[in-house]
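Below: the structure, in structure tokens.
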Amino acid sequence: MKFSKAYEPNQFEPDIYALWEKSGAFAPTNKKDAKSYTIVMPPPNANGNLHIGHGLTIALEDILTRYHRLKGDNTWYIPGADHAGFETWVVYERRLEAEGKTRFDYSRDDLYEQVWNFVHEQRGNMELQLRALGASCDWDSLTFTLDQKVVDTVYNTFEKLWKQGLIYRGVKLVNFCTKHQTAFADIEVTHKDEKGKLWEIAYPLVKPKDGIEEIIVSTTRPETLLGDTAVAVNPEDNRYKNIIGEKVKLPLTDREIEIIADEHADPEYGTGVVKITPAHDPNDYEVGQRHNLEMITVIGFDGKMTAEAGANYEGLSTTDARQKVLGDLEDQGLLRGEQDLVHSVGHCYKCNTVIEPLLREQWFIDVKPLAERAIKTLEANKIKFHPANKKRALINYLKNLKDWNISRQIPWGIPIPAFQNVDDPTDWIFDKRVDQQEITKNGKTYRRDEDTFDTWFSSGQWPVITTSDRPQHYPTSVMETGADLLFPWVSRMIMLGLYNTDEIPFEDVYMHGMVLDEKGQKMSKSKGNVINPIEIVTQYGSDALRLGLIASRSAGVNQAFSSSKVIASRNLCNKLWNVARFIQDMVDNSAEQGNKAADNYGEDWICREINKTNKEIQKLVSNYRFAEAGDAIYDLIWNKYADWFLEGEKLWKNTELLKTTLEQILIMLHPFAPFVTETIWQALSWTEGMAMTQTWPETLKFDAKRAAKFEELISIITNIRSHFQSLPGAGSYPIAFYDDKLVYDNQLLLQHFTKAPGVPEIKPEDAKGLHLAIAGHPNIYLEIPEDIHAKYKANLEDRILKLGQEINTLEARLRNPNYVKKAPKELVDETKSQLETKSKLLEDMKAEFALV
RNA sequence: GGGCGGUUAGCUCAGUUGGCUAGAGCGUAUCUUUGACGUAGAUAAGGUCAUAGGUUCGAAUCCUAUACCGCCCACCA
């Protein structure tokens, strides 16, 4: 294939991906002496589109996967697709709504089937997008979160928990969205600050005592008054000590409730008296538990007041009920004041409806034993975290974890395998026959629980489920995911992983931060600042997106998307493409002889640099330092390979070395930029197989002394170029020298790199022009005209001053007896030799200054 | 209230056991229409590493305090 002038990713990427996929190389190898390396992909929404965060996820995971594959590990990257319980349900419910239907028009089984079909119609986009991003995952192992094996494992775990008494059915306050008709875990509720009012309401004492006739409570939710079953004061609060145990008359009702003493009441806040509504407030619920209070539900799951709220209020929305309650209180003269306040209110993260804390019977997991075990494992450092501080955050979270509500009132999910005796509501049994609404067992009839599992309950078992066919891949190597999933997901995987397998689910956790928009704002549809990764792929190529996303990004830190990094990465791909094009050209014309007269030190030098980068990349990737690894390979390709080595090879044309080094570079860059490296690999005339399945490069042999010599040549060339640039006039002059073997041996190279008209060897007495101040090379002159030379003098003076300062610093350091005594010997020696070279250089420069 | 991050070049950010002249990309300036690449090459300018103390022979890096920015958790009658 011929190389076009510029690399156009779109032309090649789909074919290259098809080549990989067809080759079967995504499947894990099963080599005997090799280690397993396993990454489970956090499953993207099966019927959604990938967002830029997925771009980062795939980039990081695929770099690791491809790197380990090249290193020879039995590498397995397991893709997944998430049924995305709630997310998908919301989308589907909207569709129903548009058709004028509601969920209540269908049975759960019908709905499940409808959504299943809906998802499968939509499905596939996400998987195509993963391919566009270059994910080298094993498609045959793709697991959908509703696959039978997922359900099986989840049911086994549930049964085990059930048998061990860690599952219980409880009536507790749950976070309920009255629009979506489902409960949420605490962690799913979004809190927002809102303006509200704090009302003061008088509750008259049934029997006035010690002159106290009423007490005044403060509340932001007067409508819940109808469900009050006590009022609380702080036991230390002297104002109310005497009336603890007395009764008050609950306004607007005919009930009498007790004044209790509880720490929950803060004497500093409001009047210091708080009404207690155990059925509608989490704190009040706890107070209720402590004092064994009655719980009266006055708000129903539909968000309307219940019959228990009284005939005057039944059927009203909470907002209307609030107005009516306030009005009625006012009429009775019991409303004593109102003031503005800002407080935070829980909202449904999807529809923004205010979350009602409501009593509901749900399945709960007693998390204590699970959390304790997880904490112990974390404290024993069994799992490494990147960034490390996430471990502590997780331990803290686990220490305060409350029992986990795993019931969701959404049809789209894994049915909870529990049945209730129709004659005895307290009799629940575990049974897997969830496809039946009613079953009989031991002659009794049981009705199915209509709820489904919280998604995190099933995805918390993801590593063990996905690796079940190849158990040697469990525990997995690394769990790479977004930092926001530390609590909801990573914590669950650790708890349930340990519970299921007695092993950790993964050895490392790497958490990436959020990809923000270019201004550093969170991306959101409503803000309209969402960046579509596939658009970037179309515009700049998949590799450019990957390299651009990982650039300058460190673990756990949110960072802005940077199109300039993507462009820079696109340019790197193009650069490499042209490097390859040029080398192929030289290979094609290898009959042309290069310079054989002298050694090319640049060859030793580039081998040294490639080896160095090779080692560096290995170290950086194993420490998850992707951005630095990317920088290292960028620097090698652009600033070393192309700028110096390849430039020199225009003279030497050492095609064998050009081939070897290019291959090594392609392989080392492959994990980061798989498409362009593979495209080149396929295009080159001499390479075989695929870049993807090569072995990570061995180190190259080179002569260290000659490599160091080349470095000297670089500094001579740079120095000369700098002069050519800064000197007034035409710009390039002959480089004259005497008594300098390195220059003598490399006249051609110097001329080539500096574009000097010549590099003549002269006699010392003929030396004239601009004397170069280069350490170790005192006899090099640029033969410039007199008039230009004079202007140069001022410049020289500045440089002498600067060098003098540097020498002073070094001398001061050496004069310090503590430095000489305490600093490592090598460092001190280095300082000494540096001082020596610089002093000599200074003498030379001073001598030159005297001359000009 | 508890916890965690951040503050380094005009911009976005790297900088892991403290060690030579603090780096990158983009941007800027000047030069180069050289047969790999103008998505390029060459050269250069640009930083008292937020502030104040401390530890140390030596601090962007460790400690303490302050300021500002951001995130998470809990609470908010």
Side-chain angles (χ1 to χ4, degrees), chain A residues 3 5-7 186-187 191 193 196 198-200 217-221 224 231-232 264-266 269-277 281-284 341-345 387-390 392-393 396-397 400 483-484 486-487 513-514 518 520 540 544 548 551-554 556-565 567-586 623 625 627-628 630-631 634-635 639 642-643 646-647 650 718 721-726 731 753-755 802 806 809-810 813 816-824 826-828 830-831 834:
Chain A
F3 282 89
K5 198 172 171 190
Y7 173 61
D186 294 342
I187 204 160
H191 289 272
D193 277 348
L198 188 65
W199 285 279
E200 295 190 337
V217 301
S218 309
T219 181
T220 53
R221 302 201 59 186
T224 62
V231 290
H264 170 58
D266 176 1
Y269 193 97
T271 56
V273 185
V274 53
K275 62 192 231 24
I276 302 297
T277 324
D281 180 280
N283 283 309
D284 293 3
L341 92 169
V342 173
H343 59 152
S344 111
V345 179
N389 63 346
K390 296 289 176 199
R392 261 219 344 258
N396 253 326
Y397 171 78
N400 299 312
D484 52 329
L486 179 65
F487 299 153
M514 235 185 301
E518 296 225 47
Y540 298 108
S552 288
R553 193 176 286 276
S554 45
V557 180
N558 293 351
Q559 213 215 295
F561 175 82
S562 160
S563 53
S564 72
K565 296 268 182 194
I567 292 170
S569 307
R570 186 271 315 259
N571 294 354
L572 175 72
C573 295
N574 187 59
K575 184 80 180 177
L576 184 66
W577 176 260
N578 278 288
V579 165
R581 178 156 84 109
F582 182 49
I583 291 174
Q584 180 66 61
D585 205 46
M586 278 197 270
N623 290 315
R625 302 185 73 84
E628 286 160 80
D631 279 351
Y634 182 101
D635 183 55
N639 303 328
D643 287 353
L646 204 60
E647 197 54 40
K650 285 179 180 170
T718 312
R721 280 171 171 172
S722 172
H723 278 103
F724 284 173
Q725 192 77 215
S726 60
F753 274 93
T754 59
K755 309 271 183 280
K802 206 174 155 201
E806 284 173 29
T809 319
L810 293 174
R813 191 174 299 159
N816 180 343
N818 282 321
Y819 174 71
V820 181
K821 218 166 36 194
K822 291 187 182 171
E826 310 91 76
L827 201 66
V828 178
E830 211 181 314
T831 313
Q834 233 173 52

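Keep in mind the model is a prediction, meaning the values are calculated, not measured. Letters A, B, ... mirror the listed sequences (proteins, then strands); counts begin at 1.
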Measure from the side chain of Y819(A), starting at C-beta and using heavy atoms only, and say which of A40(B), C13(B), G19(B) lies closest.
G19(B)
Could you check which nucleotide pairs with G18(B) in any of the strands shown, counting Watson-Crick or G-U wobble with both distances under 3.5 Å?
none
Reckon K755(A) has a side-chain N or O less than 4.0 Å from the OP1 or OP2 of G41(B)?
no
Please report the distance separating the P of A14(B) from the corresponding atom of A24(B), rounded so that it comes out in whole Å.
16 Å
Between C26(B) atom P and D631(A) atom CG, what is the distance in whole Å?
12 Å
Write down the distance separating the C1' atoms in G47(B) and U8(B), rounded off to the nearest Å.
7 Å
Quote, to the nearest angstrom, the C1' distance that separates A45(B) from G6(B).
29 Å
Options U43(B), A36(B), U34(B), nucleotide nearest the side-chain atoms of V579(A)
A36(B)
Scan T831(A) against the nucleic acid and name what it touches under 4.0 Å (heavy atoms): base, sugar-phosphate only, or nothing.
nothing
Could you tell me whether A393(A) contacts a base, only the sugar-phosphate backbone, or nothing, with contacts defined as non-hydrogen atoms closer than 4.0 Å?
nothing
Rounded to whole angstroms, how far apart are OH on Y397(A) and P on C71(B)?
20 Å
Roughly how far apart, to the nearest Å, are U64(B) and C73(B) at atom C1'?
27 Å
Contact class for S554(A) vs. all strands (heavy atom < 4.0 Å): base, sugar-phosphate, or nothing?
sugar-phosphate
Check every atom of U12(B), A44(B), G41(B) against the side chain of A560(A) and return the nucleotide holding the closest atom.
U12(B)
Could you check which of G25(B), C72(B), G41(B) has an atom nearest any side-chain atom of A568(A)?
G25(B)
Applying the 3.5 Å cut-off to both distances, the Watson-Crick or G-U partner of U66(B) turns out to be A50(B)
Reckon D266(A) touches a base, only the sugar-phosphate, or nothing at all at heavy-atom distances under 4.0 Å?
base
Exercise: identify the closest heavy-atom pair between A560(A) and R553(A):
O-NH2, 3.6 Å
Round to the nearest Å and state the distance from L646(A) atom CG to G35(B) atom P.
15 Å
NA contact type, Y7(A), heavy-atom cut-off 4.0 Å: base, sugar-phosphate, or nothing?
nothing
Assuming nearest nucleotide by heavy-atom distance, tell me which of E518(A) and N578(A) is located more 5' along RNA chain B.
E518(A)
Quick one: which of A36(B), G25(B), C31(B) gets closest to the side chain of Q725(A)?
C31(B)
Who pairs with G38(B) - Watson-Crick or G-U, where each distance is under 3.5 Å
none
Side-chain contact test, heavy atoms from C-beta onward, threshold under 4.5 Å: evaluate it for Y819(A) versus T831(A) and give yes or no.
yes
Look at all strands and tell whether L198(A) reaches a base, only sugar-phosphate, or nothing, counting heavy atoms closer than 4.0 Å.
sugar-phosphate
Please confirm whether K575(A) makes a cation-pi placement over Y634(A), using NZ or CZ under 6.0 Å from the six-membered ring centre and within 45° of the ring normal.
no
Does K650(A) put a side-chain nitrogen or oxygen below 4.0 Å from OP1 or OP2 of A36(B)?
yes
Rounded to the nearest angstrom, tell me the gap between atom CZ in F724(A) and atom P in A42(B).
16 Å
Out of G25(B), C4(B), A36(B), which nucleotide sits closest to the side chain of E647(A)?
A36(B)
Roughly how far, to the nearest 0.5 Å, is the OG1 atom of T718(A) from the CD atom of Q725(A)?
12.5 Å
Mind checking who A45(B) pairs with, Watson-Crick or G-U wobble, both distances under 3.5 Å?
none
Partner nucleotide, any strand, of A9(B) [Watson-Crick/G-U, under 3.5 Å]
none
Measure from CG on N571(A) to C1' on A36(B) and round the result to the nearest Å.
15 Å
Here the distance between atom P of G3(B) and atom CZ of F487(A), to the nearest Å, is 14 Å
Specify the separation, in whole Å, of atom CD of Q559(A) and atom C1' of C71(B).
15 Å
So do N623(A) and E628(A) actually touch side chain to side chain, heavy atoms under 4.5 Å?
no
Looking only at non-hydrogen atoms, find the nearest pair between T224(A) and T277(A) and report the distance.
O-CG2, 3.3 Å
Spacing of the C1' atoms in G18(B) and A59(B) (rounded, Å):
6 Å
Using a heavy-atom cut-off of under 4.0 Å over every strand shown, decide if K5(A) touches base, sugar-phosphate, or nothing.
sugar-phosphate
Looking for any heavy atom pair under 4.0 Å, which part of the strands does T277(A) touch: base, sugar-phosphate only, or nothing?
nothing
Sugar-phosphate, base or nothing in reach of A483(A), heavy atoms under 4.0 Å:
nothing
Using only heavy-atom distances, decide whether a donor-acceptor pair under 3.5 angstrom links the side-chain of R570(A) to the base of U39(B).
yes
Considering only atom C1', compute the distance from G41(B) to G54(B) and round it to an integer number of Å.
50 Å
So which nucleotide from A36(B), A14(B), U43(B) ends up closest to the side chain of T718(A)?
U43(B)
Over all strands shown, is N396(A) touching base, sugar-phosphate only, or nothing at heavy-atom distances under 4.0 angstrom?
nothing
Could you pull out the closest heavy-atom pair between I276(A) and H264(A), with the gap in Å?
CD1-CD2, 4.3 Å
What is the distance from CG of N623(A) to P of U17(B), rounded to the nearest Å?
12 Å
Under 4.0 angstrom, heavy atoms only, what part of the nucleic acid is K275(A) near: base, sugar-phosphate, or nothing?
nothing
Taking only side-chain nitrogens and oxygens of S722(A), does any of them come within less than 4.0 Å of OP1 or OP2 of A44(B)?
yes
Please report the distance separating the C1' of A42(B) from the corresponding atom of U33(B), rounded so that it comes out in whole Å.
14 Å
Using atom P in both nucleotides, what's the gap between A50(B) and A22(B) to the nearest angstrom?
15 Å
Considering every strand and a 4.0 Å limit on heavy-atom distances, what is the contact class for R221(A): base, sugar-phosphate, or nothing?
nothing
So OG1 of T271(A) and CG of L198(A): to nearest 0.5 Å the spacing works out to 8.5 Å
With sugar-phosphate meaning primed atoms plus P, OP1 and OP2, does V217(A) contact a base, only sugar-phosphate, or nothing at under 4.0 Å between heavy atoms?
nothing
Using the closest heavy atom to pick a nucleotide of RNA chain B for each, name whichever of G520(A) or I583(A) lands nearer the 5' end.
G520(A)
Nucleotide paired to C71(B) in any strand shown, Watson-Crick or G-U, under 3.5 Å
G3(B)
For A642(A) and V579(A), work out which heavy atoms get closest and say how close.
CB-CG2, 4.1 Å
Ignoring backbone atoms, establish whether R553(A) has a side-chain N or O less than 4.0 Å from OP1 or OP2 of A14(B).
no
Determine whether F582(A) and K650(A) make a side-chain contact, defined as any pair of heavy atoms from C-beta on separated by less than 4.5 Å.
yes
